[in-house]
Amino acid sequence: MVVAKKSAYEASRQKRLEENKKRMEELNLNKLAQAMHTPKPSPMKKVKPKVPKQPLDLSAVRRSSRVADLPPRTYKEVPIEPMGRPRSYQRRDLLNRVYASDENRMYAIESADDLQSGLDQDVPSFVKPMLQSHVTGGFWLGLPVQFCKTHLPSRDVMVNLVDEKGDEFETKYLAQKTGLSGGWRGFAIDHELVDGDALIFQLIKPTTFKVISVLFSSRQSVLC
């Protein structure tokens, strides 16, 4: 009986390894991390003669083609949106909370660990399992303390989260509490994260994480 269980576990683990290998190839994560990690040599600077500055013609400022047809924006007396309430997300219905079983939770964690082991080890990363406090209610995401002390700034800064589609989400990192507050709520809701999921955070820049989500097994069968 023990041998049968062990064989089933090995078969399941081998299946996860193959799935993760295929997923890494599709996401091209190692090449992305290496490109972000390898510094580019700076070209030789040419000394240009100083030219007297001319008054800036605001009407001639180049604008992105995406906003070329929109009226100019003014930033005078515009209140800053509180980081605790990003965008216009509605409060989740707590009656519809998802509660992961221990088996599903462990599946997601082990799958994330296997996927992380195939990433570039020179790029710092960690696995973060999702709990109710991370994805409902308070929306506070505490990060590993030692990782933060080793790799993140010792002051409060804005940290970007880049998902697998390349979309960026700005979050507020609180150094003293070693966690993400403002902006994290929007990321969690946009990606429909629930209790039991696991995320891989890969620090591709000093204040930028590549975030890879791993759904627990029963959600994978529904969403895939």
Side-chain angles (χ1 to χ4, degrees), residues 20 23-46 62 64 66-67 73 75 78 80-87 89 108-109 111-131 133-135 138-191 193 197-214:
N20 288 335
R23 188 175 182 187
M24 287 180 61
E25 291 174 352
E26 293 174 350
L27 296 176
N28 208 14
L29 293 176
N30 283 331
K31 291 184 179 180
L32 173 62
Q34 186 176 5
M36 293 290 189
H37 191 64
T38 304
K40 296 181 179 180
S42 57
M44 295 293 292
K45 293 183 179 179
K46 296 182 180 180
R62 188 177 69 177
S64 169
R66 293 182 298 173
V67 296
R73 299 182 64 179
Y75 295 92
V78 176
I80 300 175
E81 182 182 35
M83 288 305 300
R85 295 183 179 180
R87 305 185 185 180
Y89 296 108
I109 294 174
S111 296
D113 286 338
D114 291 341
L115 185 57
Q116 183 198 25
S117 66
L119 299 177
D120 185 351
Q121 298 303 304
D122 291 332
V123 181
S125 63
F126 62 88
V127 172
K128 182 69 178 179
M130 295 292 99
L131 304 176
S133 60
H134 303 148
V135 295
F139 289 97
W140 162 257
L141 185 70
L143 306 181
V145 175
Q146 192 56 48
F147 184 97
C148 294
K149 291 183 177 180
T150 303
H151 301 291
L152 295 182
S154 57
R155 66 186 187 284
D156 294 355
V157 294
M158 301 308 296
V159 169
N160 289 324
L161 305 181
V162 183
D163 64 16
E164 296 164 71
K165 296 180 181 178
D167 295 333
E168 293 190 17
F169 293 75
E170 192 174 52
T171 63
K172 180 70 174 181
Y173 169 68
L174 302 181
Q176 187 173 1
K177 296 183 178 180
T178 62
L180 303 180
S181 59
W184 164 251
R185 180 171 180 262
F187 183 92
I189 292 177
D190 267 13
H191 294 81
L193 299 177
D197 291 340
L199 302 182
I200 303 172
F201 288 79
Q202 191 179 28
L203 190 64
I204 57 177
K205 289 183 180 179
T207 56
T208 300
F209 281 107
K210 177 74 176 182
V211 183
I212 307 167
S213 58
V214 179

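Along the sequence shown, residues are numbered consecutively beginning with 1.
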For a side-chain hydrogen bond (donor to acceptor under 3.5 Å, both in side chains) with Ser125, tell me which candidate from Lys210, Gln202, Gln116 qualifies. Gln116

Looking at Glu164 and Ser213, would you say the former's side chain and the latter's main chain have a donor-acceptor pair under 3.5 Å? yes

Nearest non-hydrogen partners of Pro144 and Phe126, listed with the distance: CD-CE1, 3.5 Å

How many angstroms lie between CE in Met158 and CG in Leu180, if you round to the nearest 0.5 Å? 9.5 Å

Might you point out which heavy atoms bring Leu143 and Cys148 nearest each other, and give the distance in Å? CB-SG, 3.5 Å

For the student: nearest non-hydrogen atoms of Trp140 and Ser181, plus distance: CZ3-CB, 3.8 Å

Is the backbone of Thr178 close enough, under 3.5 Å, to the side chain of Lys149 for a donor and an acceptor to pair up by distance? no

Could you measure the distance from the CZ atom of Phe139 to the CH2 atom of Trp184? Nearest 0.5 Å is fine. 9.5 Å

Check step by step if side-chain contact (heavy atoms from CB on, under 4.5 Å) holds for Leu203 and Leu152. CA-CA 9 Å; Leu203 190 64; Leu152 295 182; 4.0 Å; yes

How many angstroms lie between CZ in Phe187 and CG in Leu141, if you round to the nearest 0.5 Å? 9.5 Å

If we ignore hydrogens and angles and just use 3.5 Å, is the side chain of Thr150 paired with the main-chain N or O of Gln146 as donor and acceptor? yes

Separation between CG of Asp163 and CG of Asp167, rounded to the nearest 0.5 Å: 4.5 Å

Which atoms form the tightest heavy-atom contact between His134 and Ala188, and what is the distance? O-CB, 4.3 Å

Closest non-hydrogen atoms of Ala108 and Ala198, given as atom of the first, atom of the second and distance, are O-CB, 3.7 Å

The single option from Leu193, Leu161, Ile212 that satisfies side chain to side chain contact (heavy atoms under 4.5 Å, CB included) with Leu199 is Leu193

Among all residues two or more places apart in sequence or in another chain, which pass the side chain to side chain donor-acceptor pair (under 3.5 Å) test with Gln121? none

If you measure from CG on Asp190 to CZ on Phe169, what distance do you get to the nearest 0.5 Å? 4.5 Å

Closest non-hydrogen atom pair between Val127 and Ala112, with its separation: CG1-CB, 3.7 Å

Please determine whether side-chain contact (heavy atoms from CB on, under 4.5 Å) holds for the pair Leu119 and Ile200, giving the CA-CA distance in whole Å, both sets of side-chain angles, and the decisive distance to 0.1 Å. CA-CA 10 Å; Leu119 299 177; Ile200 303 172; 4.0 Å; yes

